[in-house]
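Below is one structure; the comments refer to it alone.
Naming: A, B, ... by sequence-line order, numbering from 1 per chain.
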Number of protein chains: 2
Amino acid sequence: MNKNCSVYKTASFICKKWTMLILLELYRGKGEWKRYSHIKTKLNGITPKMLSARLKELKGEGMIKKRVDVNTFPIRSEYCLTKTGKDFIKIIKSIKEWTLKWKTKNTDCEKNDCEMCEL
Amino acid sequence: MNKNCSVYKTASFICKKWTMLILLELYRGKGEWKRYSHIKTKLNGITPKMLSARLKELKGEGMIKKRVDVNTFPIRSEYCLTKTGKDFIKIIKSIKEWTLKWKTKNTDCEKNDCEMCEL
DNA sequence: CCGGATCCTCTGCGATACTG
DNA sequence: CAGTATCGCAGAGGATCCGG
């Protein structure tokens, strides 16, 4: 696998810390726009720097879109999955299914109350 | 997503460096047993320490199996995907398909000659 | 409220050498 | 041949402050 391999390229940013969590948080509900501060609260523990960096990356990858409400003060930034991003969720789902099929010790997801995933 | 989340648990080891490459190398051909030294050669640049560690992890996860030929000298260790491991390949395939669908700048895989992947 | 700038910590990984 | 042991570093990510 070289640097131009599609698997390599996608894995190299999707595997970064917090990235999948951000995608999953944006997937929750029915794809409404979600505020920066809301995501930050949900992703307990993420630093603002990290969140900003990841959102920028995901936007650069075309997986999320951003809008800013300049009429309010303070400013509100909101984010939402693009079609590309939504389509990636199925891969995360397949990871979940694979794990539930072959691994038997995931108590939380097995009970179907893994609230974060909502897959 | 907490520590018991199935997505979290699987992602946390599959995302490690070299791990997917090892799985793909074992997937090449028709699932024959492959020697440690052979894998090492194919994964150009991997250190023996890394390869041993990853193989051990993958075995612990039930994705590969190991056999040792003690009748020869020096010893031969061979590795092979389990059913669990083979079933994971489909996820890597779906990552490739997603990338080719939404990203247009992956020259190598687009030409279907991304030899490493062989997906 | 959003998120950039700085500084710092910590660990994953590489390089090298060595052994049964 | 198939690993293990030791050392060291780069870079990812955390903590904190600041500014629009």
Side-chain angles (χ1 to χ4, degrees), chain A residues 1-3 8-26 32-61 63-80, chain B residues 1-3 8-23 25-26 32-61 63-81:
Chain A
M1 198 186 303
N2 58 55
K3 299 300 167 96
Y8 178 87
K9 293 178 100 170
T10 296
S12 64
F13 79 85
I14 207 65
C15 286
K16 290 184 180 179
K17 193 169 184 181
W18 299 109
T19 299
M20 284 200 209
L21 292 176
I22 292 169
L23 291 175
L24 288 175
E25 176 51 36
L26 291 177
E32 324 90 69
W33 290 86
K34 303 203 175 168
R35 295 183 59 181
Y36 177 92
S37 54
H38 175 259
I39 303 168
K40 188 167 179 302
T41 302
K42 288 289 187 171
L43 271 58
N44 194 31
I46 192 171
T47 61
K49 171 192 168 184
M50 239 329 91
L51 182 54
S52 297
R54 289 294 178 264
L55 289 169
K56 191 174 289 183
E57 284 173 7
L58 287 170
K59 186 165 182 292
E61 296 289 344
M63 298 181 78
I64 67 174
K65 49 193 172 181
K66 175 185 183 178
R67 73 179 181 191
V68 181
D69 188 346
V70 287
N71 296 321
T72 63
F73 185 80
I75 295 170
R76 295 182 176 207
S77 293
E78 296 180 308
Y79 299 85
C80 177
Chain B
M1 198 186 302
N2 57 56
K3 299 300 168 96
Y8 178 88
K9 291 178 100 170
T10 297
S12 64
F13 78 84
I14 206 66
C15 285
K16 290 183 181 179
K17 192 167 184 183
W18 299 109
T19 299
M20 284 202 210
L21 291 175
I22 292 169
L23 291 175
E25 176 52 35
L26 291 177
E32 323 89 70
W33 290 87
K34 301 202 178 172
R35 297 180 59 179
Y36 177 93
S37 54
H38 175 259
I39 303 168
K40 188 166 179 299
T41 303
K42 287 288 186 173
L43 272 58
N44 194 31
I46 193 171
T47 61
K49 171 189 170 184
M50 243 325 92
L51 182 54
S52 295
R54 290 294 177 264
L55 289 170
K56 195 171 290 185
E57 283 173 8
L58 286 169
K59 185 164 183 295
E61 295 291 342
M63 298 180 78
I64 66 174
K65 49 192 170 180
K66 176 183 181 178
R67 72 179 184 192
V68 181
D69 188 345
V70 287
N71 295 321
T72 63
F73 184 82
I75 295 169
R76 297 183 173 205
S77 292
E78 295 179 307
Y79 298 86
C80 177
L81 289 180

Next item on the list: Please list, in 5' to 3' order, the outermost nucleotides of DNA chain D lying under 4.0 Å from any heavy atom of chain B.
Entry: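 Using the under 4.0 Å cut-off, the span is dC1(D) to dC7(D).
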Notebook entry, point to check: Under 4.0 Å between a side-chain N/O of Tyr79(A) and OP1 or OP2 of dG3(C), yes or no?
Noted result: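 For dG3(C), OP1 or OP2 has a side-chain N or O of Tyr79(A) closer than 4.0 Å.
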Next item on the list: Would you give the length of the straight line joining atom CG of Leu23(B) to atom CG of Leu58(B), rounded to the nearest 0.5 angstrom?
Entry: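 It is 5.0 Å, given to the nearest 0.5 Å.
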Notebook entry, point to check: Say you draw a straight line from NE2 of His38(A) to CG of Leu26(A); how long is it, rounded to the nearest 0.5 Å?
Noted result: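 Taking NE2 in His38(A) and CG in Leu26(A), the distance rounds to 9.5 Å.
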Checklist line | Partners meeting side-chain hydrogen bond (donor to acceptor under 3.5 Å, both in side chains) with Thr10(A) (sequence neighbours left out) | finding: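 Here the qualifying residues are Thr99(B).
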Margin query: Run the side chain to side chain contact (heavy atoms under 4.5 Å, CB included) test on Met63(B) and Ile14(B) for me, step by step, so that the C-alpha distance in whole Å, both residues' side-chain angles and the decisive distance to 0.1 Å come before the verdict.
Written below: CA-CA 11 Å; Met63(B) 298 180 78; Ile14(B) 206 66; 4.2 Å; yes
Note to self: Applying side chain to side chain contact (heavy atoms under 4.5 Å, CB included) to Ile39(A) and Ile46(A), what does each step give before you reach the verdict?
What the structure shows: CA-CA 9 Å; Ile39(A) 303 168; Ile46(A) 192 171; over 6 Å; no
Is a donor on one side and an acceptor on the other found under 3.5 Å between the side chain of [X] and the backbone of [Y]?
X	Y	result
Tyr36(B)	Pro48(B)	yes
Lys34(A)	Glu25(A)	yes
Ser12(A)	Tyr8(A)	yes

How many whole angstroms separate atom [atom1] of [X] from atom [atom2] of [N]?
X	N	atom1	atom2	answer
Asn71(A)	dC2(C)	CG	P	15 Å
Lys40(B)	dT16(C)	NZ	P	12 Å
Asp69(A)	dG3(C)	CG	P	13 Å

Listing time: all N or O pairs from protein to nucleotides 10-14 of chain C that are below 3.5 Å?
unit_1  : atom_1 : unit_2   : atom_2 : d
dC13(C) : OP1    : Lys17(B) : N      : 3.3
dC13(C) : OP2    : Arg54(B) : NH2    : 2.3
dG14(C) : OP1    : Lys17(B) : NZ     : 3.2
dG14(C) : OP1    : Trp18(B) : NE1    : 3.2
dG14(C) : OP2    : Trp18(B) : NE1    : 3.4
dG14(C) : O6     : Lys49(B) : NZ     : 2.4

Item checked: Partner residues of Ser37(A) under the side chain to side chain contact (heavy atoms under 4.5 Å, CB included) criterion, sequence neighbours left out ->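 If we apply the side chain to side chain contact (heavy atoms under 4.5 Å, CB included) test to Ser37(A), skipping adjacent residues, the hits are Arg35(A).
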Note to self: If you compare all heavy atoms of Lys66(B) against all heavy atoms of Trp33(B), which two are closest, and at what distance to 0.1 Å?
What the structure shows: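 Result for this residue pair: C-CZ3, 3.8 Å.
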Next item on the list: Report the residue (Arg35(B) or Lys56(B)) whose heavy-atom-nearest nucleotide on DNA chain D is the more 5′ of the two.
Entry: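 With Arg35(B) and Lys56(B) compared, the 5'-side residue is Arg35(B).
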Check: What salt bridge (charged side-chain N to carboxylate O under 4.0 Å, His left out) pairs are there with at least one residue in residues 51-61 of chain A, not counting sequence neighbours?
Finding: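 Matches after skipping sequence neighbours: Lys16(A)-Glu57(A), Arg54(A)-Glu57(A), Glu61(A)-Lys103(B).
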Checklist line | Bending between helix ends of the helix from dC1(C)-dG20(D) to dG20(C)-dC1(D) [5 pairs per end, 10° resolution] | finding: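 For the helix from dC1(C)-dG20(D) to dG20(C)-dC1(D), the axes at either end differ by 50°.
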